[in-house]
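Presented below is the structure to which this report refers.
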Amino acid sequence: MYLNDRNTTAELLHYRALSVRGVLSVEDARNLKIYESGFSGEYLYDKIFDEVGHDNLYIFRDVYLAVGKSGAQYDSIIIADDVITVNEIKNYSDEYYYKNGRFIKNGEVVPDNPFTQVDRAVGKLYRKCRNAKISTEIKSKVIFPNDDFRLYSEDTSIWKNVVIRMDLKKYFRQFKDSYNTEKAGSLVSVIRAHISPNPYFNGRSNVDRLRTGLYCGSCGDFNLIKTRYHRQCVSCGTKESNETHMLRVMSDYKYLFYGEVMTRRSILELIGNEFDKKVVYRAFLKHCDAHKQGNQMYYAFKYYDFDDAYKQTKKFMKHRDYLA
DNA sequence: ACCATTCGCTTCTGGCATCC
DNA sequence: GGATGCCAGAAGCGAATGGT
């Protein structure tokens, strides 16, 4: 069973928000593609795991564990038979060669080495367990869930560390008969106690020339017709309530200016004053935690992202959305 | 049974006012 | 200038009604 949600990563939400506001540099566009691809690889991994079933297991997804000053990112941690397995998920496609400790695609060396990454992550986890005075075995695999991935290697020693799509179901099925005792429970507690926000991500770069305003949630067009409680998209006809637009802009703000405080002024700026300041204020009251500092109010979005917010509040919204 | 219109309740909006 | 309160008027929406 999954112990946490796999949320869209902050990086991906950042580049998506940048993308819709039309300011992607070549570098940004490449990053967006990399994060989209990584996320869909993880989605694929989850889907196949769901098909096989995992009720008897403990699984953490997409957690960052702090270890001392540094830490490591884990795509998936499985606890089965009181043993920890770390899975590094790589959504590689097309042909790769593995040679002299490097992956090579189209003759170019891939900068990161997933085997080294996962080794490092496993090492950190060992340290965590040792500090907590629990001795356990930690296994690892690099998972390639993409159908279209082919790997060639002269170094045959890598195969035992790799699972490709064709073998993925079989790999998951081997956990079928395993079960966990209280020891697994304490492993879960150790991991849970060290989950922290990913410090690598700093979303402040490259947001100086954002396109301001509100945009359609279906097609991304900024050309909207104003009615009293809704905005209707000129190009696709989708009609969304003001509240839906407010949820979207608050989520966008969170990831465009990740880590920066949100104020009424900053949101009004981002939407180009397309809503009355009172409308913004009321959305804050409803969907944010407020912090006062002197005369200045800061607001923190209550939800992880727009999808999360929409799921939780949709049924309480007075005004409905009409998707074209 | 089905669709269109009307009705009434709810709550959203934005102006004005007040306080800091 | 910003946060917050109060209020009248209006729009949205589901339910009720009515016509075929």
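Numbers restart at 1 for each chain; the letters A, B, ... are given by sequence-line order, proteins then strands. Values in this document were obtained by computation on a predicted structure and should not be read as measured data.
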From A:Asp28 atom CG to A:Leu32 atom CG, the distance as rounded to the nearest 0.5 Å: 8.5 Å
DNA chain C: A:Asp321 or A:Lys292, which has the more 5' nearest nucleotide? A:Lys292
Test question: given the 4.5 Å side-chain rule for I, L, V, M, F, W and Y, name all other residues clustered with A:Tyr215, or answer none. A:Val20, A:Phe222
Over-ring placement of A:Lys254 relative to A:Tyr304, 6.0 Å and 45° cut-offs: yes
If you compare every side-chain N and O of A:Arg264 against the phosphate oxygens of C:dA3 (OP1, OP2), does one of them come in below 4.0 Å? yes
Just call it for A:Lys277: base, sugar-phosphate, or nothing, with non-hydrogen atoms closer than 4.0 Å on any strand. nothing
Heavy-atom nearest pair, A:Arg231 first then A:Glu274, reads NH2-O, 2.8 Å
What is the distance, rounded to the nearest whole Å, between atom NZ of A:Lys315 and atom P of C:dC13? 18 Å
Between A:Arg248 and A:Glu240, is there a salt bridge with N-O shorter than 4.0 Å? yes
A:Tyr298 near the nucleic acid: base, sugar-phosphate alone, or nothing, with a heavy-atom cut-off under 4.0 Å? nothing
Summarise protein proximity over nucleotides 11-20 of chain B in one line of letters, 5' to 3': B for base, S for sugar-phosphate only, - for none, counting protein heavy atoms closer than 4.0 Å. SBBBBB----
Pair A:Ser140, A:Asn161 - check side chain to side chain donor-acceptor pair (under 3.5 Å), show working. CA-CA 7 Å; A:Ser140 71; A:Asn161 300 320; 5.4 Å; no
